[in-house]
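Taking it in order: structure first as C-alpha cells, then the write-up.
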Amino acid sequence: NSMNSVKSSHEIIRELMFQLCNSMEKVIIDINEFDNDISEYKNTSKKEVALKKSKNMSKCLSIIYGLQTCLDFDKAPEIAGSLFQLYEFSRQQVIKGFTKKNADGVMQAVKVIKEILDGWKKIPVEERKI
C-alpha cells in the first residue's frame, strides 16, 4: 500500500529536528577547525573549505526556517510561540557562533533541539496525527 510510505507531519518534523542536530554538530566541527592549519584538507583549496562550511551553516538556517514555518499558531499558540523562540535562539546561536568562531552557543542550541526532539519521541503514537 503506497499510503504506508507517506510520512506523517509528526515524522517529518522529527526528521527535520534530527537533521538540524546533525547540521549544527557539523557547524561546531567547522568552527573548531577554523583556526586549524588548512593542510588538514589535502587537495582542497581555502575557497572549497569555506564553501563547505558555509553550506553547513546554510543548511541549519534552512531547516530552522522550515521548522518555524510548520508551527501552528492557531491550534496551539503557546506551544507554537515557545517553539518559535527556541528555534530563533538556535538560529541566532548558529549565526553568532559561525561569525565569531565560537561554538559555545551552537552547543547550547544543539542541547535545546535534542531536548525538544526527545519530547517529540515521547508523544504516544495515537497522538501523532498532527
Would you find more than 12 non-hydrogen atoms of other residues, nucleotides or ligands less than 6.0 Å from Ile79 atom CD1? no
Residues two or more places apart in sequence or in another chain: which of them pass side-chain contact (heavy atoms from CB on, under 4.5 Å) with [X]?
X      : answer
Lys111 : none
Lys100 : Lys96
Asn102 : Asp104

Distance (rounded to the nearest 0.5 Å) between [X] [atom1] and [Y] [atom2]:
X      : Y     : atom1 : atom2 : value
Ile31  : Asn56 : CD1   : CG    : 10.5 Å
Gln108 : Ser90 : CD    : OG    : 10.0 Å
Ser54  : Phe98 : OG    : CZ    : 6.0 Å

Show which side-chain atoms of residues 16-28 pair as donor or acceptor with protein atoms under 3.5 Å away, not counting sequence neighbours.
residue : atom : partner : partner atom : Å
Gln19   : NE2  : Glu15   : OE2          : 2.8
Ser23   : OG   : Gln19   : O            : 3.0
Glu25   : OE2  : Lys114  : NZ           : 2.8

Listed once per pair and sorted, the side chain to side chain donor-acceptor pair (under 3.5 Å) pairs that draw on residues 78-87, sequence neighbours left out: none
Nearest heavy-atom neighbours spanning Val94 and Met57: CG1-CG, 3.6 Å
Under a 3.5 Å distance rule, please check whether Glu11 uses its side chain to pair with a backbone N or O of Ser8 as donor and acceptor. yes
Contact between Lys52 and Asp30 at the side-chain level, heavy atoms closer than 4.5 Å - yes or no? yes
Could you go through residues 61-73 and list every donor-acceptor pair under 3.5 Å that involves a side-chain atom there, pairing it with any protein atom two or more places apart or in another chain?
residue : atom : partner : partner atom : Å
Ser62   : OG   : Ser58   : O            : 3.0
Gln68   : NE2  : Glu88   : OE1          : 3.1
Thr69   : OG1  : Tyr65   : O            : 3.2
Thr69   : OG1  : Gly66   : O            : 2.9
Asp72   : OD1  : Asp74   : N            : 3.0
Asp72   : OD1  : Lys75   : N            : 3.0

